[in-house]
Amino acid sequence: MKKTAILFLLLLTVPAFAQGDSLLVMFWNVENFFDWRSGNGPQGWSASRFYKKCEAVAKTVFLVADDAGRLPDVIGFAEVEKFHVLRETLFSTSLRKVGYRIVHFESPDHRGIDCALLYRYGSLRLLRAQPKHLYDSTGAVIATRDILLAEFEDLRTGDTLALAVNHHPSQIGGKADRRDAAMDRLTGLLDSLAEAGIGRTLAIGDFNQDRWHDGSHGTIKYNGNWEKIDGYFSRGFPAVRESVFNGGNLTVPDKSSGGRKPLRTFSGPRYLGGVSDHLPIVLNVYF
């Protein structure tokens, strides 16, 4: 079934702009968020552990809102298995009270994980949404995550904007060409939107490349070092302010490398009780 999900925007305090001039956007790779009934999750994945993760995701959204002074207008996710996961995250938690709707499409990914987003229907009106396959050099569909493309009307300003949620192929296993295909596909989509008169576009996601790391805190710890492979590209917005959110119980001490690291749900077959090996990013996108 084709459904709709969310993307995340965060408001930071920037004197040149008022809160009404911005969208608060959040993106989070929630690491192997499988339906406990599907049999695709790790051994030991159960209903109680699934719903604990739903609650933890919802709690993090509210912690982001506490920091920002308001809820994200859009929340983008990577690594959700199906619509049911999003529905339970939304309707079995306090998120059901605050006006989000889901956008989701099944992708051809061989692990069965997809991109998705939630949006607040009090601030955005969904105009259209569709999955965008990736193609190899022969024109065949690549068995990986589609790019989720959604177009919205901002109900406060009347502006039209497009949001693309991405989870590009990893570097592992010689898949660099697939990652290049994903970036080429995204660039082509953004160019097509501009040609269609949609000048304000935001692409968020896990791009599986350490493109943005400047020595500050990253979004994932790999071989003992922080990397920032989650980020954004924007066109047509006067300013975007980004932060990595590491509040709540998203991290634990890193006994092997020092400092802290994200608290995962599983490490191999061992259940750890966390949410993800990634930290979420939060964006204040100004008009």
Side-chain angles (χ1 to χ4, degrees), residues 1-7 27-47 49-54 56-57 75-89 102-118 130-136 140-149 164-183 185-186 203-209 219-222 227 229-230 262-280:
M1 181 186 300
K2 294 185 177 180
K3 296 285 182 179
T4 317
I6 278 188
L7 169 31
F27 171 79
W28 198 3
N29 180 327
V30 285
E31 192 193 12
N32 296 329
F33 202 176
F34 290 102
D35 182 354
W36 85 93
R37 306 168 304 173
S38 69
N40 293 328
Q43 186 175 4
W45 191 229
S46 63
R49 290 172 174 178
F50 170 82
Y51 283 107
K52 180 181 177 182
K53 185 158 178 167
C54 290
V57 170
I75 303 168
F77 292 111
E79 294 203 15
V80 293
E81 184 187 17
K82 57 175 65 171
F83 178 76
H84 176 80
V85 172
L86 297 156
R87 183 179 64 194
E88 293 305 291
T89 300
I102 298 169
V103 181
H104 169 260
F105 299 95
E106 294 290 342
S107 76
D109 181 75
H110 68 281
R111 287 203 291 140
I113 55 173
D114 310 318
C115 295
L117 63 84
L118 304 177
Q130 52 192 317
K132 296 295 185 178
H133 295 325
L134 306 186
Y135 300 96
D136 65 19
V141 174
I142 299 174
T144 190
R145 285 78 61 175
D146 292 330
I147 296 171
L148 173 57
L149 182 62
V165 188
N166 299 259
H167 183 194
H168 291 185
S170 72
Q171 303 178 56
I172 299 170
K175 297 178 181 176
D177 57 335
R178 293 188 172 192
R179 195 174 62 248
D180 292 342
M183 190 58 69
R185 178 67 161 142
L186 174 60
I204 57 174
D206 175 356
F207 294 93
N208 262 308
Q209 288 180 284
T219 55
I220 190 169
K221 208 165 189 183
Y222 181 69
E227 295 184 353
I229 64 176
D230 306 277
L263 178 57
R264 305 181 65 167
T265 308
F266 280 86
S267 177
R270 186 162 61 99
Y271 178 67
L272 302 180
V275 184
S276 178
D277 58 346
H278 291 245
L279 296 176

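Annotation for Arg37 and Asp35: closest pair NH2-OD2, 2.9 Å, computed over non-hydrogen atoms. The shortest heavy-atom contact between Cys54 and Thr89 is SG-OG1, 3.5 Å. Listed here is the closest heavy atom pair of Val57 and Val275: CG2-CG1, 3.9 Å. Looking at every heavy atom in both residues, Phe27 comes nearest to Ala78 through CZ-CB, 3.7 Å. In plain terms, the two heavy atoms of Gly41 and Phe34 that are nearest each other are CA-CD1, 3.6 Å.
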Pair Glu227, Lys221 - check side-chain contact (heavy atoms from CB on, under 4.5 Å), show working. CA-CA 6 Å; Glu227 295 184 353; Lys221 208 165 189 183; over 6 Å; no

Does the side-chain contact (heavy atoms from CB on, under 4.5 Å) test come out yes or no for Leu279 and Ile220, once each step is laid out? CA-CA 7 Å; Leu279 296 176; Ile220 190 169; over 6 Å; no

Carefully, step by step, assess Asp114 and Phe77 under the rule side-chain contact (heavy atoms from CB on, under 4.5 Å). CA-CA 8 Å; Asp114 310 318; Phe77 292 111; over 6 Å; no

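Asp146 contributes atom CG, which lies 9.0 Å from atom CG of Asp109 (distance to the nearest 0.5 angstrom). One distance of note links CZ of Phe83 with CZ of Phe105; it measures 11.5 Å at 0.5 Å rounding. Rounding to the nearest 0.5 angstrom, the gap separating the SG atom in Cys115 from the CG atom in Asn166 is 6.5 Å. Remark: Asn29 CG to Ile229 CD1 distance equals 7.5 Å, nearest 0.5 Å. Here the CE-CG distance, from Met183 to Leu134, works out to 11.0 Å after rounding to the nearest 0.5 Å. How far CD1 of Ile142 is from CZ of Arg179: 12.5 Å, rounded to the nearest 0.5 Å.
Under the side-chain contact (heavy atoms from CB on, under 4.5 Å) test applied with Ser276, the options Arg264, Lys53, Glu31 reduce to a single match, Glu31. Between Arg145 and the options His167, His168, Glu79, His133, a side-chain hydrogen bond (donor to acceptor under 3.5 Å, both in side chains) holds for only His167. With Arg111 as the partner, the side-chain hydrogen bond (donor to acceptor under 3.5 Å, both in side chains) test is satisfied by one option alone out of Asn32, Thr144, Asn40: Asn32.
Two residues are said to be in side-chain contact when any heavy atoms from C-beta on lie closer than 4.5 Å; Phe33 and Ile113 fail this criterion. Inter-residue side-chain proximity for Pro42 and Phe266 is flagged as met; some heavy-atom pair is nearer than 4.5 Å.
If you check the side chains of Asn208 and Ser170, you find no donor sitting under 3.5 Å from an acceptor.
A cation-pi geometry, defined here as NZ or CZ lying under 6.0 Å from the six-membered ring centre and within 45° of its normal, holds between Arg49 and Tyr271.
Taking the six-membered ring where the residue is Trp, Trp45 and Phe50 present perpendicular rings, their angle passing 60° and hence far from 30°.
Between Lys82 and Glu106 there is no salt bridge, since none of the side-chain N atoms of the basic residue sits less than 4.0 Å from a carboxylate O of the acidic one.
In terms of the side chain to side chain donor-acceptor pair (under 3.5 Å) criterion, residue partners of Asp230 (sequence neighbours excluded) are, by chain and number, Thr219, His278.
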